[in-house]
Number of protein chains: 2
Amino acid sequence: MTIEEIAKLAGVSRSTVSRVVNGDPHVRDEVRIHVQQIIDDNGYHPNAAARSLASRRTRIIGLLVPRAIGVVLQDPFFLHLIQGAVEGCNETDYLLTMLLESADVDISNQRVYDRVIRGRHIDGVVIASSVVEDPIVERLQQDGFPFALVGRHPHHDVSFVDVNNVDSAKLAVQHLIEHGYRRIGCITGPPNMIASIDRYAGYVMALQESGRAPDRSLTAEGDFTRRGGYRAMQELLNNGNRPDAMFVASDTMASGALQALRDAGLRAPDDVAVFGFDGLDHQLVSQPVLSTMVQPIRELGREAVKIVLSRVASNESAPTQRYLPTEMALRASCGCGAADAAAGNGAGRGGDA
Amino acid sequence: MTIEEIAKLAGVSRSTVSRVVNGDPHVRDEVRIHVQQIIDDNGYHPNAAARSLASRRTRIIGLLVPRAIGVVLQDPFFLHLIQGAVEGCNETDYLLTMLLESADVDISNQRVYDRVIRGRHIDGVVIASSVVEDPIVERLQQDGFPFALVGRHPHHDVSFVDVNNVDSAKLAVQHLIEHGYRRIGCITGPPNMIASIDRYAGYVMALQESGRAPDRSLTAEGDFTRRGGYRAMQELLNNGNRPDAMFVASDTMASGALQALRDAGLRAPDDVAVFGFDGLDHQLVSQPVLSTMVQPIRELGREAVKIVLSRVASNESAPTQRYLPTEMALRASCGCGAADAAAGNGAGRGGDA
DNA sequence: CAATTCTTTGGGAGCGCTCTCATATTTCAA
DNA sequence: TTGAAATATGAGAGCGCTCCCAAAGAATTG
């Protein structure tokens, strides 16, 4: 079934069928209805390749997750991001394709870049969780290829959508300070990701503004996985300098940290309070219910797609940079509302975002 | 940069450049090297749309996850599956695009089908975790579109790759029986997924063969999420008929079940032993370490891709059906001692059908 | 050495669309 | 009514490749 055959069946020209398919208003209603009928009756769908070739648009955008498989994609964070991105695409009849780079196979990453981006398989790309030094940002910039980052970039002046991680982290830590905790520790993300850097910066600022110096022995590095959080917490507990509260840079890691506490026979928040980041706790089902800084992950994904699409449409060069608001969710694990702290209280309880 | 321009620069014809790009052996070495040089120097990459249009191959296959967003994609199972599929694609220079259907938005699912499959955006599709009654299987069958399921299909004679879930579950439950547990319960997956059905069947068979009747009050339904496992376990604990061992149809649910036990003040395996399915525990970091039936998830993904690609290449109609072996991993949660003892026991020895 | 075969190369004909522009038709103001 | 403007439709020219076939040249054979 080609457009030509439909045209013949409907007794109109190829052009008219094309107009109907693409919703062009310059078609008489009578004709439109008739043609649409023929299209439906024959189950015709325009060939994607032909369409892309002629229009120079594939109507696909990519979601690139660098070094995804090993570590990052485990985080439920990504599910929300993906969902948001898919929603953003649906609204404009675009398709989302996942571009997953392997951890260390540079060749395959290069291949993706050349084949998918240079070969114009996609119209634009959203890049999630890139590391600061990832060369892809600069390459895309040079190639003039439409893209947007989820998470700001420290060096390059590029399009992105992000939350204010510094201020958000600072607020979280200030909250712990207000609770009266004296020895507030931190589990960070990988040091080459901007979200890690910013959240740690916020942690440090909050301490400094309250007149304390951050203690390096209270900080451990995680990798945004549950296990990473578990190990980081263990490390902190074992070095003989036990914190009485923790700011953990992601809920997934916080869930691991809570388990490490439990396994060490400690109680949260009584022995060690915990504050997370992301707003994913209802998925992780931690005990006690995790206090966290909620970021609008789906909106982040949706917005990133929007930015990319607007850059695909108009070839302006000034980057679009947007910050979305976060919100504090105070629950049991930081010491607020002891009611939620009781064990056996139900998996999915807790406040909403 | 088009093929024509490269041809001009190299002083050869379009056809010769095409041959070099596609690795056609019918080119003199001298010419090939020269043309390749020009290609590299100019950073030429063939246009995907043009290529697809002319060759009638997009070199992309899809990974369709029906109703993915809501529930299923949360399971780390999918990370392994995706990774395997990506690997399978890499080996043959194919690309993998993720087709995520939303839970209830039929319209968007239809859109995906029409645009992506009928519009020939992809050459074939791997379908993961489909529900038994999903109409897509029949539609693809009718359309003669290359596809393969991860997980067998009870009604249609289609291509798939799977493990022998019945035998594997049976072995797991037999192991619990050998431990001497008397009241062995089960947490199942959604009843409209074949893996759930088969694993439950294996559970029932093991009990029956040891001369016991399965007790419905010891069975609860989960949905393959951690929370679902938590709730199912809670339900079982609350109905006053406490099991002394559980066979749980996925590690993710088992991790939730273990937490429910903990929250209820019970210990595993002393109070209730737990046996999982999947072999994902090292990601979930459960306490105690989970005994589980390991299935080769990555191989499943890779194999599914292989099957699809072979169907794309040759248009034979006889379906390919493959079973991959599982392996029992005996650890602490079933009562097998604290050591990480892993005993290999081929459950569903692979056999081509 | 002519006849045949094999290898290498080039050119033409699409693949199935979109997009621009020309033509046919309708509408409306003067 | 008539000319101009607005609207609807059709035809042609590609988009950048691949694939088939023919031509040219090199190698092989009796």
Side-chain angles (χ1 to χ4, degrees), chain A residues 1-36 38-39 42-60 93 114-123 312-313, chain B residues 1-36 38-39 42-60 93 114-123 312-313:
Chain A
M1 259 302 137
T2 73
I3 199 174
E4 206 84 42
E5 300 180 70
I6 295 294
K8 193 159 295 172
L9 286 172
V12 297
S13 76
R14 208 175 49 222
S15 308
T16 298
V17 178
S18 175
R19 287 186 188 100
V20 171
V21 167
N22 294 293
D24 187 313
H26 298 292
V27 183
R28 239 182 332 139
D29 283 352
E30 189 187 321
V31 175
R32 173 197 319 290
I33 290 165
H34 176 231
V35 171
Q36 189 62 56
I38 305 273
I39 288 174
N42 292 275
Y44 165 74
H45 290 280
N47 178 286
R51 213 174 192 183
S52 301
L53 180 58
S55 67
R56 326 183 115 274
R57 285 276 144 83
T58 62
R59 300 197 76 78
I60 304 178
D93 203 37
D114 287 341
R115 215 186 117 203
V116 181
I117 296 186
R118 291 242 162 99
R120 292 279 154 180
H121 242 303
I122 59 180
D123 294 343
V312 169
Chain B
M1 260 302 137
T2 72
I3 199 174
E4 206 83 44
E5 301 179 68
I6 295 294
K8 192 158 296 170
L9 286 172
V12 297
S13 77
R14 209 178 46 214
S15 307
T16 299
V17 178
S18 175
R19 287 186 188 101
V20 171
V21 167
N22 295 293
D24 186 314
H26 298 293
V27 182
R28 240 185 329 142
D29 284 353
E30 187 189 323
V31 174
R32 175 199 318 292
I33 290 166
H34 176 230
V35 171
Q36 190 61 57
I38 306 273
I39 288 174
N42 292 274
Y44 165 75
H45 289 281
N47 179 287
R51 215 175 190 183
S52 302
L53 180 58
S55 68
R56 323 182 119 273
R57 285 276 144 87
T58 62
R59 301 196 76 77
I60 304 179
D93 203 37
D114 288 343
R115 221 189 110 199
V116 180
I117 296 185
R118 291 242 161 98
R120 293 279 155 181
H121 242 302
I122 58 182
D123 294 342
V312 168

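The sequence lines fix the lettering, A, B, ..., with proteins before strands; numbering per chain opens at 1.
Rounding to the nearest 0.5 Å places OG of A:Ser13 at 9.0 Å from CD of A:Glu4. The line from CD of B:Glu5 to CZ of B:Arg14 is 13.5 Å long, rounded to the nearest 0.5 Å. Atom NE2 in B:His45 sits 10.5 Å away from atom CZ in B:Arg51 (nearest 0.5 Å). To the nearest 0.5 angstrom, B:Ser55 atom OG is 8.0 Å from B:Asp123 atom CG.
An OP1 or OP2 oxygen of D:dG10 is reached within less than 4.0 angstrom by a side-chain nitrogen or oxygen of A:Ser13. Listed pair A:Thr16 / D:dG10 meets the phosphate criterion, a side-chain N or O lying under 4.0 Å from OP1 or OP2. Within the 4.0 Å cut-off from OP1 or OP2 of C:dT8, not a single side-chain nitrogen or oxygen of B:Arg32 is found.
If you take NE2 of B:His45 and P of D:dG16, they are 16 Å apart, rounded to a whole angstrom. Distance, A:Met1 CE to C:dC15 P: 15 Å, rounded to whole Å. Taking atom CZ on B:Arg57 and atom C1' on C:dG16, their separation rounds to 17 Å, with Å as the unit. Straight-line distance from the CZ atom of A:Arg59 to the P atom of C:dC17: 15 Å, rounded to whole Å. In this structure, the NE2 atom of A:His121 is 13 Å from the C1' atom of D:dC17, given to the nearest Å. For B:Asp24 and C:dT7, the CG to P distance is 12 Å, given to the nearest whole Å. Computed from coordinates, the B:Leu53 CG to C:dC15 C1' distance equals 4 Å when rounded to whole Å. The nearest whole Å value for the distance from the CZ atom in B:Arg56 to the P atom in D:dC20 is 12 Å.
Contact of the B:His121 side chain with the A:Ile60 side chain is registered, since non-hydrogen atoms from C-beta on lie closer than 4.5 Å. Residues B:Val12 and B:Val17 form a side-chain contact, since some pair of their non-hydrogen atoms from C-beta on lies under 4.5 Å apart.
From one end of the helix from C:dC1-D:dG30 to C:dA30-D:dT1 to the other, with five pairs defining each end axis, the axis direction shifts by 30° (rounded to 10°).
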Protein N or O to nucleotides 5-8 of chain D N or O, pairs below 3.5 Å:
residue : atom : partner : partner atom : Å
D:dA8   : OP2  : A:His26 : ND1          : 3.3

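Remark: side-chain polar atoms of B:Arg115 are paired, donor with acceptor, to backbone N or O of A:Asp93 under 3.5 angstrom. Judged by distance alone, with hydrogens and angles left aside, the side-chain atoms of B:Ser52 form a donor-acceptor pair with the main-chain N or O of B:Ala48 at under 3.5 Å. Between the side chain of B:Asp24 and the backbone N or O of B:His26, at least one donor-acceptor pair lies under 3.5 Å.
Neither side chain, B:Arg56 nor A:Asn47, offers a donor N or O lying under 3.5 Å from an acceptor on the other.
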Going 5' to 3' through nucleotides 18-25 of chain C and flagging B where a protein heavy-atom sits under 4.0 Å of the base, S where only the sugar-phosphate is that close, and - otherwise, we get BB------
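Minimum heavy-atom separation, B:Arg32 to B:Val27: NH2-O, 3.2 Å.
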